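Working notes for the structure below.
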Amino acid sequence: MIDLHLHSTASDGTCSPEELAERGRSLAVMALTDHDCTDGCARFLAACGRDKRDTPVQVRLPGIELSLDPGEGYGQFHLLGLGIDIDSSALTTFLERIRAGRVARNVKMMEKLTALGMPVSMEEAQHFAGGQIVARPHIARVLMEKGFAKSVSDAFERFVGKNAVAYVSRYRPSQEEAIEVIHAAHGAAVMAHPRFWTSDARLLADGLARLKDFGLDGVEAIYQGNLPLETPMHLRIAREAGLAVTAGSDFHGANKPSVTLGMDVGDDEAFLAPFLDALSRRGCHFLQN
Ligand code: AMP
Ligand code: FE
Ligand code: FE
Ligand code: ZN
């Protein structure tokens with residue numbers, strides 16, 4: 001079992017980096033991929049280093065998930081940066097710009113909610129955020145606690161989800177720039193959950209061929225939220241594009257209660273070999289353990 005897509009309290013998950021390290025101790029390979037921040041990575045790696053190991057091979061990677069401009073005709077583009085050097089100055093400068101866009105967007109959403117008679121302050125949202133990232137699930141949580149919504153998903157449906165009344169979009173970097181920054185930080189650039197980018201096999205194949213030319217390394221072809229037929233389709237399209245594949249759950253703890261940690265990929269080492277090759281080509285330093 002492996003899992004290359006996990007969120008901690010450093011962004012919008014409800015488990016601390018240490019809890020993730022502990023809960024994933026039987027996984028051969030695991031990466032922490034918080035939204036727009038790497039603040040949980042050092043604690044995650046330190047906790048993984050302390051734990052007794054249950055598997056012969058154990059690779060633990062610092063990572064990140066970035067929301068990018070999806071391009072005309074596509075839905076959402078999320079990029080995973082895996083095995084990144086979290087001290088890279090190219091990466092830290094880039095993330096500061098993204099986080100400034102997130103703060104500006106949150107202020108506008110709170111103004112809209114207040115105008116709708118549902119005041120939410122930054123302090124209230126920060127109360128539910130474990131770190132510096134305030135994301136829509138934290139705003140949704142405030143709406144729930146104040147009785148304006150029945151649950152986080154109800155708050156998304158009626159108020160903060162895409163197309164809902166208080167939604168405001170935020171700054172999204174280009175695919176080319178984000179891939180370049182991940183490579184400058186010696187990580188592998190992997191498209192997360194391709195199903196949210198497009199459900200059209202042709203658009204996916206065309207898009208991935210173009211992204212491969214920009215240097216995209218892989219695709220999260222095995223995703224816990226996939227429909228049964230999507231996984232074989234994504235594996236085939238990734239293989240045809242010459243891209244490595246990864247597997248991830250997108251675990252968020254209690255913020256996405258139906259998602260469980262760990263993905264069964266059969267033979268872990270055989271499945272991940274092309275991805276691990278890509279990581280070493282990019283100069284990733286985290287493969288020794
Ligand atoms: P943001 O980055 O602030 O735009 O928030 C996006 C995050 O909201 C995603 O990463 C998801 O974790 C979460 N999210 C999106 N839709 C829902 C939903 N319907 N229910 C719960 N969480 C959601
Ligand atoms: Fe999230
Ligand atoms: Fe995502
Ligand atoms: Zn995610």
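Remember, it's 1-based here, ligands and their atoms both numbered in the order they're listed. Not measured: the values here are computed from a predicted model.
To the nearest 0.5 angstrom, F128 atom CZ is 7.5 Å from M144 atom CE.
Listed by chain and residue number, E240 satisfy the salt bridge (Lys or Arg N to Asp or Glu O under 4.0 Å) test with R236 (two or more places apart in sequence, or in another chain). Residues passing the salt bridge (Lys or Arg N to Asp or Glu O under 4.0 Å) test with D36, sequence neighbours excluded: R102, R170.
For the Fe ion (ligand 3), the set of protein N/O/S atoms nearer than 2.8 Å consists of E65 OE2, H78 ND1, H193 NE2, ordered by chain and number.
A distance limit of 4.0 angstrom between heavy atoms and ligand 1 selects the residues D12, H35, R102, R105, A135, R136, P137, V152, F156, R170, H252, K256.
When only modelled atom types and interatomic distance are considered, S8 and D34 share a side-chain donor-acceptor pair under 3.5 Å.
Side-chain heavy atoms closer than 4.5 Å link hydrophobic residues (I, L, V, M, F, W, Y) into clusters, and following such links, possibly through other members, connects L279 to L32. In the hydrophobic clustering of ILVMFWY residues, with side-chain heavy atoms under 4.5 Å counting as a link, I182 and Y171 come out together.
When the Fe ion (ligand 2) is compared with the N/O/S atoms of D12, atom OD2 turns out nearest.
With hydrogens and angles disregarded, no donor-acceptor distance shorter than 3.5 Å links the side chain of D85 to the backbone of A185.
Considering V29, T33, I64, D217 as possible partners of L82, the one that fulfils the side-chain contact (heavy atoms from CB on, under 4.5 Å) test is T33.
In this structure, E230 and L227 approach most closely via the heavy-atom pair OE1-N, 2.7 Å.
Using bins of under 30°, 30° to 60° and over 60° for the plane-to-plane angle, the ring pair H186/H285 lands in the tilted bin.
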